[in-house]
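Sequence lines set the chain letters: A, B, ... in the order given, protein chains first and strands last, and positions in each chain run from 1.
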2 protein chains.
Amino acid sequence: MIRNTLQRRAISRVFSVDVPPLTPQEVLAAAQKDMPALGIATVYRTLKSMVESGTLTIVNLPGEASRYELTEKCHHHFFSCRACGKVSVVSKCITDFKDMVPNSFKLERHEVVLYGLCSQCNKE
Amino acid sequence: MIRNTLQRRAISRVFSVDVPPLTPQEVLAAAQKDMPALGIATVYRTLKSMVESGTLTIVNLPGEASRYELTEKCHHHFFSCRACGKVSVVSKCITDFKDMVPNSFKLERHEVVLYGLCSQCNKE
DNA sequence: ATCTCTGCAAATGTTTTGCATCAGC
DNA sequence: GCTGATGCAAAACATTTGCAGAGAT
């Protein structure tokens with residue numbers, strides 16, 4: 001059974017507005033405005049349970065700590081330059097990944113990371 | 001200028017055979033068979049330069065440390081279950097991602113991570 | 001009253017960095 | 001000989017966990 005605590009409500013509230021994917025540290029800082037005594041361990045524990053319940057989704061950017069965002073938000077895709085390491089956001093999405101997994105799986109979300117050289121490094 | 005040292009040759013050799021994506025620790029252990037005094041810092045520094053030169057590619061699995069593999073090897077895609085956390089390998093790959101980036105970019109590789117419920121957790 | 005959740009601090013694991021020394025070129 | 005590369009140890013982060021006490025039900 002999951003209890004409805006002040007801490008969990010403070011953390012949920014952070015994600016109720018329009019925010020970009022956040023790191024656990026950023027979630028902590030934002031939620032501490034409501035709950036100054038909040039600890040980082042609770043943030044990690046709460047984020048994990050919100051991922052398991054499907055409310056949040058982990059966003060993995062190459063070379064960065066995991067970020068979390070609302071599952072319902074439109075997803076992003078990334079391009080990572082192997083030379084300068086810069087990550088850019090890719091808007092277009094060509095979809096239909098359904099055929100990639102067996103029918104017994106429930107496909108909820110996909111994430112695409114493209115690798116190569118960005119326009120800057122491609123010139124040099 | 002990049003020097004051709006014993007350490008770099010030992011690390012390169014690890015990747016010359018048919019191996020799965022390796023963590024830096026695994027690379028260290030394998031390369032130490034040739035070079036017992038090799039340190040982990042050198043492994044990290046060498047892996048980074050091999051990624052920048054395009055020889056190696058980083059493979060990011062959700063919830064695991066970064067792994068490295070030869071860029072020329074056929075790529076993999078992953079399915080990550082949000083409930084049990086298990087990661088499975090997806091064989092099929094359907095899409096063409098060329099249209100997702102501007103022409104000024106050089107697209108060399110893509111990685112797809114699918115999220116949802118695996119067949120086990122989907123039943124429950 | 002029970003039993004989960006929390007905060008703290010310590011432990012764990014990964015990756016980076018400072019620095020003196022070593023070795024390619 | 002110059003200068004980049006190495007090994008070590010420490011530092012910097014990210015994340016998890018043990019535990020005793022607080023709080024939700």
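Two residues are said to be in side-chain contact when any heavy atoms from C-beta on lie closer than 4.5 Å; Y68(A) and V51(A) meet this criterion. The side-chain heavy atoms of V19(B) and E69(B), taken from C-beta on, include no pair separated by under 4.5 Å. Taking the side chain as every heavy atom from C-beta outward, P24(A) and L47(A) approach each other to under 4.5 Å.
Atom CD in E26(B) sits roughly 10 Å away from atom P in dT14(C) (whole-Å rounding). Rounded to whole angstrom, the span from the CG atom of L47(A) across to the P atom of dT6(C) amounts to 12 Å. At whole-Å resolution of the value, CG in L28(A) and P in dT6(C) are 13 Å apart. Separating the CZ atom of R9(A) from the C1' atom of dA24(D) is a distance of 10 Å, rounded to the nearest angstrom. dA14(D) atom C1' lies 16 Å from atom CG of L22(A), rounded to whole Å. What separates CG of N4(A) from P of dC5(C) is a distance of 11 Å, to the nearest Å. E64(B) has its CD atom 17 Å from the C1' atom of dT15(C), to the nearest Å. One interatomic measurement links the two molecules: CD1 of I40(B) to C1' of dA10(D), which rounds to 15 Å at whole-angstrom precision.
Of the candidates dT15(D), dC25(C), dT14(C), dT14(C) carries the atom nearest the Y44(B) side chain, counting heavy atoms from C-beta on. In this structure, of dA14(D), dT14(C), dA5(D), it is dA5(D) that holds the atom nearest to the side chain of I2(B). Among dA23(C), dC8(C), dT2(C), the nucleotide with an atom closest to any side-chain atom of R3(B) is dA23(C). Candidate nucleotides dT17(D), dT6(D), dT15(C) were compared by shortest atom distance to the side chain of T5(B), and dT6(D) ranks first.
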Take E108(B) and R82(A) through the salt bridge (charged side-chain N to carboxylate O under 4.0 Å, His left out) test and state the conclusion after the steps.
-> CA-CA 10 Å; E108(B) 297 177 332; R82(A) 69 148 212 269; 2.6 Å; yes

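Under 4.0 angstrom from either OP1 or OP2 of dT6(C) there lies at least one side-chain N or O belonging to R8(A). Close to dC22(C), at under 4.0 Å from its OP1 or OP2, lies no side-chain N or O of Q7(B). Contact check, K48(B) against dT16(C): a side-chain N or O comes under 4.0 Å of OP1 or OP2. In this structure, T42(A) reaches the dG7(C) phosphate: one of its side-chain N or O atoms is under 4.0 Å from OP1 or OP2.
A residue-by-residue look at M1(A) and L38(A) shows that M1(A) has its nearest nucleotide of DNA chain C further toward the 5' end. Between V43(A) and L6(B), the residue whose closest nucleotide on DNA chain C is further toward the 5' end is V43(A).
Using a 4.0 Å heavy-atom cutoff across all strands shown, S66(B) reaches sugar-phosphate atoms only and no base atom.
Looking at R45(B), its side chain has no donor and acceptor atom pair within 3.5 Å of the base of dG4(D).
Taking OG of S104(A) as the reference point, atom CD of Q120(B) lies at 10.0 Å (rounded to 0.5 Å).
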